[in-house]
2 protein chains.
Amino acid sequence: MARYCSLMLKSKDSYHHGDLRAALIKAGEAVLSETGVAGFSLRSVAKNVGVSHSAPAHHFGDAKGLLDALATEGFRRFLAAMQARQSAETSKDARQQLLASSHGYLDFAISSPALFRLMFATDMSNVKSEELAAAAQASFMHLADGVARLRGVSPFEEPTAMTDVMAIWSMVHGFSELYISDRLGFPDCKAPEDRDAVLNDIIKRAMA
Amino acid sequence: MARYCSLMLKSKDSYHHGDLRAALIKAGEAVLSETGVAGFSLRSVAKNVGVSHSAPAHHFGDAKGLLDALATEGFRRFLAAMQARQSAETSKDARQQLLASSHGYLDFAISSPALFRLMFATDMSNVKSEELAAAAQASFMHLADGVARLRGVSPFEEPTAMTDVMAIWSMVHGFSELYISDRLGFPDCKAPEDRDAVLNDIIKRAMA
DNA sequence: GGCTTTATCTTGTCATTGTCAAGATGAAAT
DNA sequence: ATTTCATCTTGACAATGACAAGATAAAGCC
């Protein structure tokens with residue numbers, strides 16, 4: 001049969017895929033967002049891409065391998081979301097920049113809730129993938145840097161600044177988790193402004 | 001064969017169990033804490049109790065039914081943990097009482113991390129079980145009551161007080177999630193005092 | 001007591017899944 | 001042109017969730 005279109009990652013008549021790894025990650029994220037981790041299966045992802053049921057094994061080993069890759073990709077986009085908001089913030093005030101990053105944090109959680117949950121679902125001490133650990137660490141460092149600029153001291157040298165990091169991170173993370181789980185009682189419509197205002201309010205408390 | 005002991009929930013020679021529902025919940029929590037949701041299976045729980053693989057179906061319907069029951073039981077003990085800490089607090093100051101409740105919140109998360117994650121893993125809007133919704137709601141009301149005593153106004157009547165609820169809840173929840181996931185960089189040994197001091201510090205910020 | 005009803009638990013079955021082993025394909029290296 | 005190797009497929013097996021049908025015993029009823 002003929003090829004469908006050059007943009008398709010998989011040409012139906014070819015034995016080899018071309019970029020199966022990327023295609024599996026893309027399809028995996030789609031499956032994850034539709035069904036959550038509960039309905040996630042290697043075989044359904046493989047079927048979505050149009051390859052055999054054990055094609056993923058060669059690239060990711062086992063199921064956890066693909067989930068780790070998804071979480072890694074998630075952390076990279078997570079960091080990008082925070083950086084994007086921070087860059088879009090016109091004020092160069094460290095306080096405003098950190099607030100903007102926090103909104104990027106929430107942006108990501110809202111846009112990819114299942115991925116967000118996956119990323120924070122396991123103990124960091126049990127993480128085997130060095131790529132995942134590095135991507136998660138990079139996200140943390142973004143917040144730590146923000147606090148460093150705010151306080152003028154490195155959190156790794158000044159314990160009180162590290163407490164600031166923990167406070168801000170706990171606040172924005174808790175709010176994000178509770179928000180995407182519909183536990184904060186925000187009405188579905190007309191919420192964005194209220195939501196952003198509340199986030200601003202409470203993040204400022206964490207900075208104090 | 002003879003019965004083992006009157007305390008055992010299951011007598012080996014009896015067809016009927018006696019209190020299978022409670023036994024399944026107990027065993028289910030054990031399996032959950034050992035393997036996490038990933039390794040959780042109805043059949044392994046049934047095997048742990050010593051009943052057939054489809055015995056749980058009659059009491060919980062499907063796998064999600066048992067997980068819902070576990071989450072419900074979890075929220076009850078979660079509330080009890082907060083109340084226990086609050087009662088143990090000698091000061092009657094609303095501020096100190098709320099701080100004590102927060103420590104109960106973290107206590108529970110640390111003592112039952114897998115259960116804690118399960119309880120907050122899904123959207124409240126998708127919850128079918130009314131028992132689960134009620135148990136979760138009761139936990140939320142405990143925090144809301146604490147803020148009501150602190151502010152002297154009901155959060156349901158005064159928006160600023162509701163913001164206080166969100167701030168405190170986000171802070172303690174985020175800290176708990178990040179702490180049990182080993183993301184806050186607390187050293188394993190000699191941490192409890194530091195941990196409690198940090199929690200006190202940051203919860204006070206949320207109250208401000 | 002004897003009978004029926006009902007809740008509880010078991011057995012058997014099927015589709016789905018994760019994982020492994022062995023083989024097929026084709027691209028790259030030599 | 002041949003070899004080598006990464007990539008993908010096929011086939012198999014055990015574990016699992018879910019369902020149907022049957023076995024057991026407790027409770028209700030006469």
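None of the values given here were measured: they were computed from a predicted structure. Chain letters run A, B, ... following the sequence lines, proteins first and then strands; every chain starts at 1.
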Checking Phe120(A), Phe140(A), Tyr105(A) against Phe75(A) for ring pair (Phe, Tyr, Trp, His ring centres under 6.0 Å), the one that qualifies is Phe120(A)
Leu66(B) atom CG is separated from dG17(D) atom P, nearest whole Å, by 10 Å
To the nearest angstrom, the CG-P distance between Leu67(B) and dG17(D) comes to 10 Å
Discussion item. Whether the Thr160(A) and Glu158(A) side chains hold a donor-acceptor pair (N or O, under 3.5 Å, no angle test) is what I'd like checked.
Written reply: yes
From CG of Leu20(A) across to C1' of dT9(D) the rounded distance in Å is 12 Å
Residues of residues 29-39 of chain B with a heavy atom under 4.0 Å from any atom of DNA chain C, listed by number, are none
Per side chain to side chain contact (heavy atoms under 4.5 Å, CB included), Leu98(B) is matched among Leu143(B), Ile203(B), Asp164(B) by Leu143(B)
Whole-Å distance, Lys47(B) NZ to dA14(D) P, equals 13 Å
Task: Salt-bridge contact Lys26(B)-Glu73(B) (side-chain N to carboxylate O under 4.0 Å) - done: no
Please state whether the rings of His173(A) and Phe116(A) are parallel, tilted or perpendicular, taking 30° and 60° as the class boundaries. tilted
Contacts of Asp107(B) meeting side-chain contact (heavy atoms from CB on, under 4.5 Å) (sequence neighbours excluded), chain-then-number -> Arg85(B)
Rounded to whole Å, CZ of Arg43(B) lies from C1' of dT17(C) at a distance of 13 Å
In sequence, state the C-alpha distance, the side-chain angles, and the governing distance for Ser125(B) and Asp182(A), and then conclude on side-chain hydrogen bond (donor to acceptor under 3.5 Å, both in side chains).
CA-CA 6 Å; Ser125(B) 46; Asp182(A) 273 328; 2.7 Å; yes
- Message: For a 4.5 angstrom cut-off between non-hydrogen side-chain atoms, does His103(A) reach Asn200(A)?
- Response: yes
Here the residues of residues 52-63 of chain A within 4.0 Å heavy-atom distance, strictly under, of DNA chain C are His53(A), Ser54(A), Asp62(A), Ala63(A)
Leu24(A) CG to dT7(D) P, in whole Å, measures 12 Å
Separation of dG17(D) atom P from Phe40(A) atom CZ, nearest Å, is 18 Å
